[in-house]
Q: 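A single structure is presented below for examination.
Sequence lines set the chain letters: A, B, ... in the order given, protein chains first and strands last, and positions in each chain run from 1.
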Protein chains: 2
Amino acid sequence: MAEGRVTVIDIARAAGVSKSTVSLVLQGSSSVKEETRNRINAAIRDLGYVYNRGAATLRQTGSRSKIIGVIVNDLTNSFFAELAVGIDMVVQSAGYVQFLSSCAENPDRQQELIGSMREHGISGLIICPARGTQASDFKALESSGIPVVVAVRNLPGTKASTLMSANAVGTRAATQHLLSLGHRRIAFLGGFSDMAVFDERTGGYRDALREAGIQVDDELVINAPSSRAGGVEAIGRALAVAERPTAAVCLNDAVAFGVCDGLRARRLEPGADFAVVGFDDVIEAKTAVPALTTVSVDPQGMGRRAATLLLKQINSNSSEGEAVTTAVRLVVRESSGKAINVRQEMA
Amino acid sequence: MAEGRVTVIDIARAAGVSKSTVSLVLQGSSSVKEETRNRINAAIRDLGYVYNRGAATLRQTGSRSKIIGVIVNDLTNSFFAELAVGIDMVVQSAGYVQFLSSCAENPDRQQELIGSMREHGISGLIICPARGTQASDFKALESSGIPVVVAVRNLPGTKASTLMSANAVGTRAATQHLLSLGHRRIAFLGGFSDMAVFDERTGGYRDALREAGIQVDDELVINAPSSRAGGVEAIGRALAVAERPTAAVCLNDAVAFGVCDGLRARRLEPGADFAVVGFDDVIEAKTAVPALTTVSVDPQGMGRRAATLLLKQINSNSSEGEAVTTAVRLVVRESSGKAINVRQEMA
DNA sequence: CTGTTAGCGCTTTCAT
DNA sequence: ATGAAAGCGCTAACAG
């Protein structure tokens with residue numbers, strides 16, 4: 001086996017036609033007589049022919065292969081894994097394949113990956129840039145006319161389409177939810193102002209309070225690491241505030257879990273004694289914690305949207321990105337797991 | 001820009017040499033005069049040349065591209081995501097790129113993916129077969145001489161190298177751990193005997209008990225769905241057994257979490273009042289639950305090993321797999337997160 | 001050490 | 001509707 005590879009010429013010979021006719025069949029041209037086509041397809045099957053995309057791409061215009069590059073910072077993070085799955089769905093159904101790699105938050109590695117992908121002739125790239133990425137890092141790619149979509153993290157100064165989580169919309173919805181339950185002293189727990197998301201998420205929180213005519217009390221915005229441990233710490237500090245809050249919006253799900261831990265340690269039941277809403281960008285419903293309401297971004301949906309955007313650019317051949325920052329999908333979910341408030345936000 | 005693509009011939013012209021000399025430089029041949037090489041490299045930079053791997057592969061022997069296909073059932077499952085990351089590490093450092101896709105447990109989709117990957121000329125494939133996959137599904141691939149490594153799930157009758165979790169070794173270690181803590185009534189919670197892993201995992205549990213001279217009490221092997229809810233159910237039934245167990249080994253981490261939920265609902269503290277060990281094949285240390293000891297398989301390590309195995313086969317050009325079922329890495333971790341017992345099992 | 005000459009497997013005019 | 005011929009960008013013998 002594995003003798004001299006079977007090529008179009010072999011199957012042409014076997015079917016008693018010429019290469020070009022075979023090529024037409026391969027491309028599904030309708031201008032081949034049915035009977036000839038059948039004969040050719042039979043030969044293809046019999047000889048175990050496999051199409052050589054490399055050769056086809058080489059000959060074809062532009063030499064751009066039907067592959068889409070995807071670079072994420074950390075595939076180990078479920079958010080990105082889900083994102084990749086979403087991308088894969090649409091990429092696959094459009095007949096492309098996905099080059100997926102994680103750059104592990106390393107800009108150098110990221111550049112290597114981009115280089116390697118270029119050499120393989122990707123038709124487009126979806127990337128969640130590593131921290132420290134400059135817009136200029138994509139200049140070479142862009143000037144060679146390969147469409148790029150930036151996802152999750154924004155990249156100031158880029159001309160590429162950008163797709164981000166609806167941070168402000170999410171915390172605003174979360175806060176409104178707590179207000180509707182009658183809470184008035186609502187804390188914001190976790191994060192530090194040097195994180196990009198922090199400003200956006202506290203922004204939505206502040207907006208909702210302001211809209212409800214409630215003065216934002218900075219004592220209730222409590223900085224802490226965005227981890228489970230940080231959540232434990234934050235709820236401790238929150239409960240020590242003179243005029244105690246009765247509810248909290250958390251920076252993310254990890255913090256929210258920690259807050260629940262901290263509450264239980266104090267014999268308080270999350271949900272009943274103190275309402276907690278987590279911004280769920282990692283774990284999603286899967287590991288739903290009882291008595292924890294979450295606002296969630298749907299990473300798969302985001303992936304699907306990113307891929308759709310990219311394909312549109314590839315097909316329209318217009319490499320001008322300029323697309324807007326875009327919200328994706330928000331779910332406010334009750335402790336039971338039931339979604340009580342679903343909205344679609346798309347720009 | 002993006003005018004007629006820059007090719008070797010352009011840079012040859014610019015550097016005043018011939019194509020072949022450029023090609024030699026591209027391949028890092030040492031038989032080009034330093035000065036010429038520099039001139040060529042300068043031209044490469046100036047003209048923004050990008051190497052066309054497709055063309056190179058086409059010309060080169062075998063027409064096999066430097067890409068490795070990876071197919072998992074569900075990228076959304078952290079275990080597989082971690083596996084993919086492990087694979088990527090070694091694949092990248094060997095100068096290959098990874099075609100990663102999820103077949104979503106669908107055999108048809110899986111076949112499509114394999115076909116697509118073949119067309120792209122993958123040098124090898126690492127696959128976690130979808131349920132219902134037949135060994136014969138890989139026959140075409142194998143007979144074309146492309147090395148295949150099967151991971152995570154075993155595929156009866158395949159000639160390909162296979163790599164699996166150390167299921168029995170893991171539960172055996174878990175059970176031994178509980179025995180060493182003085183427990184004598186140890187339950188096994190979760191799973192049904194129609195799952196492949198169930199037999200292996202209960203096997204290790206039974207072995208450990210037997211080795212300790214303890215009669216296995218089938219009343220303590222409790223079937224339940226392998227989910228969080230299943231864990232809640234299982235612990236309820238376990239505590240209702242006449243001669244109550246004092247500890248449990250769980251089929252997996254999801255069940256273990258549910259068991260902890262169930263214990264807390266009964267005002268029992270996991271760890272202190274009832275010892276729980278989870279077989280942690282999904283969530284790993286990241287979402288460590290306080291007071292839960294876990295036995296874990298390191299998916300990244302497994303990925304690295306799978307990739308190493310595959311590359312060895314690719315390089316040795318021997319497509320005969322035949323490799324053994326292999327354990328990977330086990331960690332028994334205390335509730336604090338500290339690893340108290342680490343072993344390497346490699347065959 | 002460098003240039004010449006042939007293709008790799010496919011698509012694509014252009015004839016027929 | 002089908003065939004002949006040219007060539008995508010690169011590498012691999014050989015010559016020089």
Q: Any side-chain to backbone donor/acceptor pair from A:Thr158 onto A:Leu155? Under 3.5 Å, distance only.
A: no

Q: Once you round it to whole Å, what is the distance between C1' of C:dC8 and CZ of B:Arg64?
A: 15 Å

Q: Distance-only, no hydrogens or angles: does the B:Asp137 side chain make a donor-acceptor pair with backbone N or O of B:Gln134 under 3.5 Å?
A: yes

Q: Keeping the roles fixed (side chain from B:Thr57, backbone from B:Arg53), state whether a donor-acceptor pair exists under 3.5 Å.
A: yes

Q: Between C:dT4 and B:Ser20, counting only base atoms on the nucleotide and side-chain atoms on the residue, is there a donor-acceptor pair under 3.5 Å?
A: yes

Q: Using atom CD of A:Gln60 as one end and atom P of D:dG9 as the other, report the distance to the nearest whole Å.
A: 13 Å

Q: Within the structure, does a side-chain N or O atom of A:Ser23 lie under 4.0 Å from either OP1 or OP2 of C:dT12?
A: no

Q: Would you confirm whether A:Asp10, through its side chain, and A:Thr7, through its main-chain N or O, come within 3.5 Å as a donor-acceptor pair?
A: yes

Q: Step by step, would you call A:Arg153 with A:Asn73 a side-chain hydrogen bond (donor to acceptor under 3.5 Å, both in side chains)?
A: CA-CA 10 Å; A:Arg153 292 181 182 173; A:Asn73 324 276; 3.2 Å; yes

Q: In whole angstroms, how far is the P atom of C:dT2 from the CD1 atom of B:Ile9?
A: 18 Å

Q: Ignoring hydrogens and geometry beyond distance, is a side-chain donor-acceptor pair present between B:Ser101 and A:Gln98 at under 3.5 Å?
A: no

Q: By nearest atom, which of the nucleotides D:dT2, C:dT2, D:dA12 is closest to the B:Arg59 side chain?
A: D:dA12

Q: Roughly, in whole Å, what's the span from NZ in A:Lys19 to C1' in D:dA5?
A: 9 Å

Q: Applying the side-chain contact (heavy atoms from CB on, under 4.5 Å) criterion to A:Met117, which one of A:Ile68, A:Ile122, A:Val70 satisfies it?
A: A:Ile122

Q: Between A:Thr21 and D:dG3, is there a side-chain N or O to OP1/OP2 distance below 4.0 Å?
A: yes

Q: Rounded to the nearest Å, what distance is computed from the CD1 atom of residue A:Ile11 to the C1' atom of nucleotide C:dT11?
A: 14 Å

Q: Are B:Arg118 and B:Glu112 within salt-bridge range, i.e. N to O under 4.0 Å?
A: no

Q: Tell me the interatomic distance from A:Glu119, atom CD, to D:dC10, atom C1', rounded to whole angstroms.
A: 13 Å

Q: Under 4.0 Å, heavy atom to any atom of DNA chain C: which of residues 46-54 of chain A qualify?
A: A:Tyr49, A:Tyr51, A:Asn52

Q: Side-chain N or O of A:Thr7 less than 4.0 angstrom from OP1 or OP2 on C:dG9?
A: no

Q: Closest-nucleotide mapping onto DNA chain C: is A:Val22 or B:Arg37 further toward the 5' terminus? I mean the 5' end.
A: B:Arg37

Q: For DNA chain D, please output the secondary structure as dot-bracket, reading 5' to 3'. Pairs are Watson-Crick or G-U wobble, both atom distances under 3.5 Å; mark crossing pairs with [ ], other-strand partners with |, unpaired with a dot.
A: |||||||||||.||||

Q: Could you give the CG-to-C1' distance, from B:Leu24 to D:dA12, as a whole number of Å?
A: 10 Å

Q: Show your reasoning for whether side chain to side chain contact (heavy atoms under 4.5 Å, CB included) applies to A:Val50 and A:Val6.
A: CA-CA 7 Å; A:Val50 326; A:Val6 186; over 6 Å; no

Q: Less than 4.5 Å apart, any side-chain heavy atom of B:Ser123 and any of B:Ser65?
A: no

Q: Could you please name the option among C:dG9, D:dT11, C:dT2 that lies closest to any side-chain atom of B:Thr36?
A: C:dT2

Q: Could you state the CD-P distance from A:Gln27 to C:dG9, rounded to the nearest angstrom?
A: 18 Å

